[in-house]
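The structure under discussion appears below in the form of structure tokens.
Each chain gets a letter, A, B and so on, in the order the sequences are listed, and its residues count up from 1.
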Amino acid sequence: MSLDLTVKVHPTVLFQIVDAYERRSQDKARIIGTLLGTYEKNGVEVTNCFCVPHAETQEELFIKMDFASEMYELHQQVAPLEMMVGWFATGPEVTDHSVLIHTYYSKQAKCPTPIHLTLDTIMANGRMSWKAYISNPMGVPGGTGGTMFSPVPVELVAHSAELVGMNVAQNTKYSKTKTFEPESDLSQFTGAVRNIEEMIDHLTAYVDGVLSGTTEPDATVGRQLLDMVHSVPKMSQEQFDEMLNSNIK
Amino acid sequence: MASRSRKGGDNDSHITHVQIDGLAMMKIIKHCHQDASTPADDAQGVLLGLIMENKLEVTNCFPFPRSIDGVDDDRYQLDMMRLLRPVNVDYLSVGWYQSASSGNYISRQLLESQQQYQESIEESFVIIYDPVKTAAGALSLKAYRLTKQAMELVKDKGYFNFDMLRNLKVGHENMFQELKVVIRNSHLVNALLSELSEVFPETLNLEAMDLGTAPVLQRHLRSIMDCTDEMSQFHQFQKQTVKQQLEKTRYQQRRNVENAARKARGEPPLPDEDFNFKPIQPPRDLEPGVIVGGQMAIYCQQINNFCSQALAKLFLVDSLHQNSPQRPLGQ
């Protein structure tokens, strides 16, 4: 199996994992579940997931695999293209039980290399980080073999509508009640315009700084500014007025 | 604080808004966009959540498979909800959602489904998500319920006719009641969002700045034209009734004139008969009148909104151009 595998994860998956973690029963320290997605050249795209109840103690591990296969079938009815591509667990690190769970999944999933995704919901380092692993057998030939989880690069991808949804959701961070009401179209637009205005202010402040010698000029930034200013299509005033008026009509 | 009795379909229930979890919103977006190759408009699913005192919370959702033969909707729903219980997902279904590109969601089917939902669960509502508009930069998620009059209208499951419409005083304006939608995220999800904001910087909504107005307007106008075609039967009926009215009055007048002339001559007046006026059959189903009318109203409103934005954008860019020949670039 090639190790230049990249895992692309959609933000919806992370949302679901966090939500399932919040709803877990009292006695569980972490939750696990199945990842669904599609395979592509040199990578896996994870688009959906669902939580699978399980119970683990120091000695034993119990996963409801029939639940997992029923849930998978239901999901197949809605999205026939999504296949099982791996499994996820919350928590900062890979544990011993993970090996067992991983073997379960590699037998179940009709995929050669199941991906193991961890999302650190308890924020051991003060940050919620996510990592993906695939398993490689290791060991001395002839001796006891073992498996090693080797990390794989994870990339977050989202298409434009998901980005819009996320941007709207981002605003809930700033309110006490953690709520946010999406504004009407026109106010969303004015919000975007205000953003642009702020950015232009930054840029002009920078340019002023460079001109007056207080800020260090940076050649790359200067070149990019030049590109940007030149990208305004050069149209004469009359041409533009004509276009504007015809569009209005 | 006694909770009001919910019997009798009281329409001004104390629900003021709908609160959607970020998760449910993301799942709706994902489902409605997933088959980009088959942009069918009927991506539907169920919303799960809770009913609190003055708001409806939606905490999760799941999509429905498209109705192909062999897929039993009820069983799918039951199975899914049964499976979601062990993972502690709220299992009360509070409504359903549907995707509708560019706002074309009003249909008989929608009315019937919503009516069924509202019969069983008083406060249920439908969320309409517009994938096209959202991809263009503005999240479009709206919640609707049927008004009491609309419920009565659809309950009969028959064809609408004039009497029903007149009695219930329902027109396309008061079929639906819109509810405010609020998005909510828990603390942990907010932490996740903070992480995500580093990956996807919260910068401009570039799509919202797009100047291309023609395609969107074309699409809307085409939809309005389709709607007008559907209403043609109704229009014909209207024209015919009006014509018939005119003829009746004209006939009446001629009669009167003739009678007056006869009286002047001393002859008995002609009997007053109304001949040959077949009553024109109104189209059996006045559904187009109300439904399509509502649909067209929505299109028009969208065009209005869109045009105001487009004009604003054009004027902005105009100012950009006015500056460039006069002042040297870059200050």
Side-chain angles (χ1 to χ4, degrees), chain A residues 10-12 14-16 18-25 47-48 51 53 67 70-71 74 77-79 121 123 127-129 156 158-170 172-173 178-182 185-186 188-189 192-193 195-196 204 207 225 229 232 235 237 240 244 247-248, chain B residues 19 22-23 25-27 29-30 33-34 63 65 71 76 79-80 83 86-89 131 134-135 137-139 141 180-186 188-197 199-200 202-205 207-209 213 305 308-309 311-312 314 318 320-322 324-325 329-331:
Chain A
H10 279 249
T12 323
L14 297 176
F15 270 82
Q16 288 187 359
V18 170
D19 180 75
Y21 176 75
E22 286 182 327
R23 293 176 178 277
R24 71 193 189 289
S25 336
T47 47
N48 205 349
C51 173
F67 175 97
E70 267 194 68
M71 205 38 151
L74 287 183
Q77 287 183 7
V78 181
T121 39
M123 295 196 273
R127 295 185 60 137
M128 194 185 286
S129 55
L156 280 183
H159 46 247
S160 45
E162 274 181 334
L163 277 176
V164 172
M166 269 201 332
N167 277 336
V168 172
Q170 296 279 9
T172 60
K173 298 194 302 243
K178 301 170 292 183
T179 54
F180 173 68
E181 183 184 342
D185 300 337
L186 206 52
Q188 281 185 11
F189 173 65
V193 172
N195 272 340
I196 291 196
T204 41
V207 170
L225 280 176
V229 168
V232 174
M235 285 198 281
Q237 183 65 16
F240 190 75
L244 183 70
N247 263 340
I248 294 185
Chain B
Q19 180 177 283
L23 169 71
M25 175 182 74
M26 295 296 282
K27 280 179 87 165
I29 295 182
K30 179 218 170 259
H33 280 267
Q34 74 180 7
V71 171
Y76 180 89
D79 281 343
M80 190 55 121
L83 286 179
V87 289
N88 294 338
V89 177
T134 307
L139 179 67
L141 206 64
K180 194 168 73 154
V181 168
V182 172
I183 306 224
R184 175 208 160 262
N185 279 321
S186 66
L188 208 54
V189 176
N190 277 339
L192 175 69
L193 281 172
S194 314
E195 288 285 332
L196 289 176
S197 68
V199 179
F200 300 115
E202 274 183 67
T203 48
L204 7 145
N205 221 341
E207 294 87 0
M209 294 283 135
T213 53
N305 281 345
S308 51
Q309 281 187 45
L311 279 178
L314 285 174
D318 187 22
L320 196 62
H321 276 254
Q322 273 168 6
S324 47
L329 299 169
Q331 185 59 290

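- Using a 4.5 Å cut-off on side-chain heavy atoms (C-beta onward), A/R23 and B/V87 make no contact.
- Atom-to-atom distance recorded for A/T12:OG1 and B/L23:CG is 8.5 Å, nearest 0.5 angstrom.
- The side-chain heavy atoms of B/K27 and A/Q16, taken from C-beta on, include a pair separated by under 4.5 Å.
- Under the side chain to side chain donor-acceptor pair (under 3.5 Å) criterion, B/N88 pairs with no residue at all, not counting sequence neighbours.
- For the pair B/Y76 and A/V78, the tightest heavy-atom approach, listed with the atom from each and the gap, is OH-CG2, 2.9 Å.
- Side-chain contact between A/D19 and B/V189 is absent, with no heavy-atom pair separated by less than 4.5 Å.
- With sequence neighbours excluded, no residue satisfies salt bridge (charged side-chain N to carboxylate O under 4.0 Å, His left out) with A/E22.
- With values rounded to the nearest 0.5 angstrom, B/M25 atom CE is found 6.5 Å from A/F15 atom CZ.
- For the pair B/M80/A/M71, a side-chain contact is recorded, criterion being any heavy-atom separation below 4.5 Å from C-beta on.
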